[in-house]
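Below: the structure, in structure tokens.
Position 1 is the first residue of the sequence; numbering continues from there.
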Amino acid sequence: GIWQICAQRSANITHLHTNACGDFMLMSCEGWFAVRGYPEFEAFSFNIDSMGLLAAHYAGYQEVSLLPPCVCFHIEHGIGSGWTPEGEKHLFGRLEKTGILNPEWPVLMPLVDEMRKEQRTLEFNNANCGLADVELPERTLGNSTPIAETELERLTKLAETHPVSAIQPAYDLDRLTLAHERRTRQEEVVVSITDLMSEMERVVFYIPDSQGGYSETSTIAYRVHPRLTTSLIFRFDEFPHRFPLRFDPCQCPGLITINAVTVFDVSRGKMIWEFPGREISQFAVGGTAVLANGVLSQPRGVKKLLSSSQEPTGKRALSLISTGLDPQLIFPPLPENVEFPLEIAIEFNIIPSHSVPD
């Protein structure tokens with residue numbers, strides 16, 4: 001016995017009948033004037049009826065959907081002229097080929113969101129919508145008297161100069177589409193940055209305390225992106241240099257390649273030592289790190305490096321394998337006469353194990 005469905009004033013878009021609602025829509029003259037008709041987008045007439053319905057909804061009018069048998073049918077669209085399941089591909093292919101804009105929901109939703117937020121309709125069209133500023137000839141229904149040639153000539157000339165659409169500049173579909181594309185690009189950038197940040201690895205130099213111990217309270221840390229060759233400079237104002245510095249290049253399993261290390265005395269402008277060029281056996285590895293081509297056990301879980309790897313070009317590089325979350329490269333103690341501040345430059349890259357193909 002139910003013949004109608006009435007949407008509440010607070011209903012959102014999902015509870016309104018926006019699917020092909022323009023097949024039959026009846027509204028008072030007052031209502032049509034209140035919303036200034038359908039938005040006159042210079043585009044294919046897709047979703048325009050739905051936007052008209054939403055404009056009326058947020059203007060304070062209540063939608064009533066009539067149920068069977070109170071239904072109305074219209075003649076089926078020809079293939080590619082309007083939307084049909086079998087003609088959809090042809091239709092949208094034709095629009096793309098001819099460069100005709102299609103007001104899709106991702107482009108229009110910011111307008112819907114604005115109306116919902118402010119609980120009011122938007123004036124998509126100006127006051128001249130519906131050719132309100134054009135004087136058209138009128139005839140009584142049933143009168144077949146031809147329209148005068150002079151009147152037709154006047155309308156023809158007017159058509160050459162009169163705006164095609166009454167759409168307000170702020171709601172021009174070209175502008176809305178460009179805004180959507182900018183938002184999409186910005187969202188892609190945000191997603192890319194989020195993805196990038198989620199992959200960042202923490203790189204830490206641990207500074208020894210007076211007893212030679214290491215703690216999180218005395219560190220210099222950076223975040224770097226794995227798989228990219230990274231060059232970092234760490235500055236040390238002072239520390240008990242009779243104890244070695246500890247460098248943790250990442251907190252993940254994977255392959256670590258250290259291409260160069262330079263220790264520089266800033267106050268005297270003097271290079272203390274550098275690698276390549278420094279005997280690599282003075283380094284040691286600890287924690288979850290092992291040398292890629294051999295290790296020798298040492299007390300306290302520290303492993304002495306035997307040699308460095310050779311890159312195809314002949315350039316020496318230090319390759320480590322991290323088997324867990326705590327790879328450590330132990331620097332050799334600095335000379336007794338070293339002065340501060342010191343800067344240590346290090347070039348390296350990390351390939352996490354999850355990035356290595358099986």
Open item on the list: For Met51 and Met115: C-alpha separation, side-chain torsions, deciding distance, then whether side-chain contact (heavy atoms from CB on, under 4.5 Å) applies.
Closed with: CA-CA 11 Å; Met51 288 300 292; Met115 288 191 289; 4.2 Å; yes
Task: Evaluation steps, ring pair (Phe, Tyr, Trp, His ring centres under 6.0 Å), between Trp105 and Phe46 - done: CA-CA 10 Å; Trp105 280 119; Phe46 210 64; 9.3 Å; no
Open item on the list: side-chain contact (heavy atoms from CB on, under 4.5 Å) for Val203 and Thr230? Distances and angles first, verdict last.
Closed with: CA-CA 11 Å; Val203 176; Thr230 303; over 6 Å; no
- [ ] Test Ser215 against Asp209 for side-chain contact (heavy atoms from CB on, under 4.5 Å), laying out the working first.
- [x] CA-CA 8 Å; Ser215 71; Asp209 58 25; 5.8 Å; no
TODO: For His17 and Ile5, run side-chain contact (heavy atoms from CB on, under 4.5 Å): C-alpha distance rounded to whole Å, both residues' side-chain angles, the deciding distance at 0.1 Å, then the answer.
DONE: CA-CA 10 Å; His17 176 55; Ile5 297 175; over 6 Å; no
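For the residue pair Pro208 and Pro244, the shortest heavy atom distance occurs at CG-O, 3.6 Å. Taking both residues in full, the closest heavy atoms of Leu108 and Pro103 are given as CD1-O, 3.5 Å, listed atom of the first, atom of the second, then distance. For His241 against Pro335, the heavy-atom pair with the smallest separation is CD2-O, 3.3 Å. The minimum heavy-atom distance between His57 and Ala11, with the atom names listed, is NE2-O, 3.0 Å. The minimum heavy-atom distance linking Met25 with Trp32 is given by the pair SD-CH2, 4.1 Å. Minimum heavy-atom separation, Cys129 to Ala166: CA-CB, 3.5 Å.
Side-chain N or O atoms of Glu40 include none that pairs as donor or acceptor with a backbone N or O of Ser165 at under 3.5 Å. The main-chain N or O of Thr18 is found under 3.5 Å from a side-chain atom of Ser50 such that the two form a donor-acceptor pair. No donor-acceptor distance shorter than 3.5 angstrom exists from the side chain of Arg36 to the backbone of Glu123, with no hydrogens or angles considered. Judged by distance alone, the side chain of Asp265 and the main-chain N or O of Lys270 form no donor-acceptor pair under 3.5 Å. When atom types are taken as modelled, the side chain of Gln62 and the backbone of Ala7 share a donor-acceptor pair closer than 3.5 angstrom. In this structure, Asp237 contributes its side chain and Phe340 its backbone to no donor-acceptor pair below 3.5 Å. Without hydrogens or angle criteria, Ser28 side chain to Gly31 main chain gives a donor-acceptor distance under 3.5 Å. Checked by atom type and distance alone, the side chain of Arg120 never pairs as donor or acceptor with a backbone atom of Glu114 at under 3.5 Å. A side-chain donor-acceptor contact under 3.5 Å links Thr98 to the backbone of Arg94. Remark: the backbone N or O of Val263 is not paired with any side-chain donor or acceptor of Trp273 at under 3.5 angstrom.
More than 12 non-hydrogen atoms from other residues, nucleotides or ligands lie less than 6.0 angstrom from CD of Gln4. When the shell of 6.0 Å around CD of Glu336 is examined, it contains 12 or fewer heavy atoms from other residues, nucleotides or ligands. For Ile147, the CD1 atom sits in a packed shell: over 12 heavy atoms of surrounding residues, nucleotides or ligands are nearer than 6.0 Å. Counting heavy-atom neighbours within 6.0 Å of Glu118 CD, excluding the residue itself, gives a total above 12. No more than 12 heavy-atom neighbours from other residues, nucleotides or ligands sit within 6.0 angstrom of CZ on Phe33. When the shell of 6.0 Å around CG of Asn19 is examined, it contains 12 or fewer heavy atoms from other residues, nucleotides or ligands.
Looking only at side-chain heavy atoms (C-beta outward), Leu111 and Leu176 come within less than 4.5 Å of each other. No side-chain heavy atom of Pro253 sits under 4.5 Å from any side-chain heavy atom of Thr323. Residues Phe41 and Leu101 fail the side-chain proximity criterion, which asks for heavy atoms closer than 4.5 Å. Tyr214 has its side chain out of reach of Gln328: every pair of non-hydrogen atoms, C-beta onward, lies at least 4.5 Å apart. Contact annotation: the side chain of Phe283 approaches that of Pro332 to within less than 4.5 Å [non-hydrogen atoms, C-beta and beyond]. Considering only heavy atoms from C-beta on, Gln119 comes within 4.5 Å of Arg116 through its side chain. Here the side chains of Phe236 and Leu245 are in contact, with some heavy-atom distance below 4.5 Å. Contact check for Glu339 versus Val266: no side-chain heavy atoms found under the 4.5 Å cut-off.
Of the inter-residue distances, the one linking Thr288 atom OG1 with Gln251 atom CD reads 10.0 Å to the nearest 0.5 angstrom. With rounding to the nearest 0.5 angstrom, the CG atom of Leu16 is 8.0 Å from the OG atom of Ser65. Rounded to the nearest 0.5 Å, atoms OG1 (Thr177) and CZ (Arg182) are 10.5 Å apart. The line from CD of Glu86 to CD of Glu76 is 6.0 Å long, rounded to the nearest 0.5 Å. Here CG of Leu178 is found 9.5 Å from CG of Leu173. Values are rounded to the nearest 0.5 Å. Atom CZ of Arg202 is separated from atom CG of Leu325 by 13.0 Å, given to the nearest 0.5 angstrom.
Put simply, Ile258 and Met271 are part of two different groups of oily side chains (I, L, V, M, F, W, Y) that touch within less than 4.5 Å, one to the next. Leu152 and Leu136 are assigned to two separate hydrophobic clusters, defined by single-linkage of ILVMFWY side chains at heavy-atom distances under 4.5 Å. Residues Ile272 and Leu329 share a hydrophobic cluster, clusters being chains of Ile/Leu/Val/Met/Phe/Trp/Tyr side chains in contact below 4.5 Å. Connection of Tyr206 to Leu320 is not established within any shared hydrophobic cluster, with ILVMFWY side chains joined at heavy-atom distances below 4.5 Å, either directly or through further cluster members. Tyr61 and Leu54 are assigned to two separate hydrophobic clusters, defined by single-linkage of ILVMFWY side chains at heavy-atom distances under 4.5 Å.
The aromatic rings of Phe348 and Phe247 lie perpendicular to each other, with more than 60° between the two planes, well past the 30° mark.
Look at Arg154 and Glu151 and you find a salt bridge, because one of the NZ, NE, NH1 or NH2 atoms lies within 4.0 Å of a carboxylate O, short of that distance.
For the salt bridge (Lys or Arg N to Asp or Glu O under 4.0 Å) test, no residue two or more places apart in sequence or in another chain qualifies with Glu42.
The ring-ring contact (aromatic ring centres under 6.0 Å, His included) contacts involving residues 142-181 comprise Phe124-Tyr171, where partners must be two or more places apart or lie in separate chains.
Using a 3.5 Å distance cut-off with no hydrogens or angles, the side chains of Thr257 and Asn259 do not pair a donor with an acceptor.
The side-chain contact (heavy atoms from CB on, under 4.5 Å) with Phe234 is formed by just one residue from the set Val204, Ile220, Ile207, Leu342; it is Ile220.
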